[in-house]
Amino acid sequence: MKIVDLNPNPGSKARLVGYLHDIEKESMGNRVERPCVVICPGGGFEILSPREADPPATAFFAKGYHVFTLYYSIREEASELRPIMDISLAIAKIRENAAAWGIIPRQIAVCGYSAGGYVAASSGTLWNHPKLLEADGSQDGQGRPDAMVLCYPVITAGEFAHRGSIERLGPGWNEAEREATFSLENHVTTLTPPAFLWHTVEDASVPVENSMTFAAALRRAGVPFECHLYQNGRHGMSMCTTEVNSRDDHLATWFPLCLEWLSRQFAFEY
């Protein structure tokens, strides 16, 4: 395994840590190139939850994916679109090094949890937004992912918003401007990549309507998606295992379902 550690965005303190499989052309010729998953842990733009960083990273790695974890901008650093620039530039950096790292350049998925779900979803919806293009000069879609895995994500700045997250993103903005810019359901187009979503109906922190609203927007735009809503379960379940102190065997089915979905998107046997 090779580990890379870099800052994808010169305008922030973000870190991108990658876990890359060794390239064995002779003994593993079918794995010279692999898809990649970029993990975005949650934490309301206040912290970056370790429960949503290494555990999912190691789980995807064990299934054959190259994996990166993005430690994006939080707290006061989360303003001025920095977390969104962090993910956009991280994906572009991965594509730039795809040949050297053994990554299939058009098989890059993002996987985000809660506020990290917002960061992941923004990479698929705001990659060509004028404000982002003006801020980071995004390179003609190089920062757009090819698939999105959104785990109990923050999505909307409207009625069902997670206010703490949205206020971190747009401090000092008036309510109308903040809602227009940061409600990701309003930015879904035919160019938005396919998505896999899961959420619990009982989530008391980020209302399930966030996922439902985004799924409806994807449906209207004709973007392929899969959405799993579980009746029970609190917010922040991560991998739903003992390792993350939230074992729930029923909720844990989200991961094998996600693997099957990603396998179909990328024609990747795991």
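Just so it is clear, the structure is predicted and the values come from calculations on it, not from any experiment.
The aromatic rings of Tyr152 and His235 sit perpendicular to each other, their planes meeting at more than 60°, with 30° as the lower class boundary.
In this structure, the ring of Tyr118 has its center no less than 6.0 angstrom from the ring center of His162. Between His250 and Tyr230, the ring center distance clears the sub-6.0 Å criterion. Ring to ring, Phe196 and His228 are close: their centroids are under 6.0 angstrom apart. The six-membered or imidazole ring of Phe45 lies near that of Tyr72, with a centre-to-centre distance under 6.0 Å. In this structure, Phe182 has its ring center closer than 6.0 angstrom to the ring center of Trp173.
The two residues Val4 and Lys2 have their closest heavy-atom pair at CG1-CE, 3.9 Å. Between Leu70 and Pro8, the shortest heavy-atom distance links the atoms CD1-CG, 4.1 Å. Among all heavy-atom pairs drawn from Ile23 and Ala100, the shortest one is CD1-O, 4.4 Å. Between Ala98 and Pro105, the shortest heavy-atom distance links the atoms CB-CB, 4.0 Å. When all heavy atoms of Pro193 and Ala147 are compared, the closest pair comes out as CB-N, 4.0 Å. Residues Gly44 and Ser165 come closest through the heavy atom pair CA-OG, 3.6 Å.
Side-chain contact between Val38 and Thr69: absent, with no pair of heavy atoms (C-beta onward) separated by less than 4.5 Å. Taking the side chain as every heavy atom from C-beta outward, Ser73 and Lys13 never approach each other to under 4.5 Å. Put simply, the side chain of Arg106 reaches to within 4.5 Å of the side chain of Arg95, judged on heavy atoms. In this structure, the side chains of Arg31 and His21 stay at 4.5 Å or more apart for every pair of heavy atoms. Residues Ile155 and Ser211 form no side-chain contact, since every pair of their non-hydrogen atoms from C-beta on lies 4.5 Å or further apart. Contact annotation: the side chain of Glu209 never approaches that of Glu159 to less than 4.5 Å [non-hydrogen atoms, C-beta and beyond]. Residues Pro153 and Val206 are not in side-chain contact: their nearest non-hydrogen atoms beyond the backbone lie 4.5 Å or more apart.
Atoms NE2 and CD1, from His66 and Ile104 in turn, are 8.5 Å apart once rounded to the nearest 0.5 Å. For the atom pair CD1 of Ile91 and OG of Ser123, the computed distance is 4.0 Å after rounding to the nearest 0.5 Å. A distance of 12.0 Å separates CG in Asp203 from CG in Asn232, rounded to the nearest 0.5 Å. Between the CG atom of Leu191 and the OG1 atom of Thr125 there is a distance of 11.5 Å, given to the nearest 0.5 Å. Summarising the geometry, atom NE2 belonging to His129 is positioned 10.0 Å from atom CG belonging to Leu184; distances are rounded to the nearest 0.5 Å. Separation of atoms CD1 (Ile166) and CZ (Arg178) is listed at 8.5 Å; rounding is to 0.5 Å.
Residues Val244 and Ile47 fall into different hydrophobic clusters, defined by Ile, Leu, Val, Met, Phe, Trp and Tyr side chains chained together at heavy-atom separations under 4.5 Å. In the hydrophobic cluster analysis, where Ile, Leu, Val, Met, Phe, Trp and Tyr join through side-chain heavy atoms closer than 4.5 angstrom, Ile108 is grouped together with Tyr270. Tracing side-chain contacts under 4.5 Å through hydrophobic residues (I, L, V, M, F, W, Y), one never reaches Tyr113 starting from Val201; they form parts of separate clusters. No continuous path of ILVMFWY side-chain contacts below 4.5 Å connects Val208 to Val154, so the two sit in separate hydrophobic clusters. Placement of Met212 and Leu257 in two distinct hydrophobic clusters is found when ILVMFWY residues are connected by side-chain heavy-atom separations under 4.5 Å, directly or transitively.
Among pairs with a residue in residues 83-104, those fulfilling ring pair (Phe, Tyr, Trp, His ring centres under 6.0 Å) read Phe68-Trp101, at least two apart in sequence or across chains.
Other residues, nucleotides and ligands contribute at most 12 non-hydrogen atoms within 6.0 Å of the CZ atom of Arg264. Shown here is Gln231, whose CD atom has no more than 12 heavy atoms of other residues, nucleotides or ligands within 6.0 Å. The number of heavy atoms from other shown groups lying within 6.0 Å of CG (Asp5) is above 12. Other residues, nucleotides and ligands contribute at most 12 non-hydrogen atoms within 6.0 Å of the CD atom of Glu243. The environment of Arg219 atom CZ is sparse: at most 12 non-hydrogen atoms of other residues, nucleotides or ligands sit within 6.0 angstrom.
Between the side chains of Ser12 and Asp86, at least one donor N or O lies within less than 3.5 Å of an accepting N or O. Counting only N and O atoms by type, the side chains of His187 and Glu185 include no donor and acceptor under 3.5 Å apart. Arg51 and Ser246 share a side-chain donor-acceptor pair at under 3.5 Å. Gln107 and Asp146 are not linked by any side-chain donor-acceptor pair at a separation below 3.5 angstrom, with hydrogens and angles left out of the test.
Phe225 is linked by a ring-ring contact (aromatic ring centres under 6.0 Å, His included) to nothing, counting only residues two or more places apart in sequence or in another chain.
Of the candidates Phe255, Trp254, Trp261, Trp198 forms a ring pair (Phe, Tyr, Trp, His ring centres under 6.0 Å) with just one, namely Trp254.
Checking side-chain atoms of Ser263 against main-chain N and O of Leu259 turns up no donor-acceptor pair under 3.5 Å.
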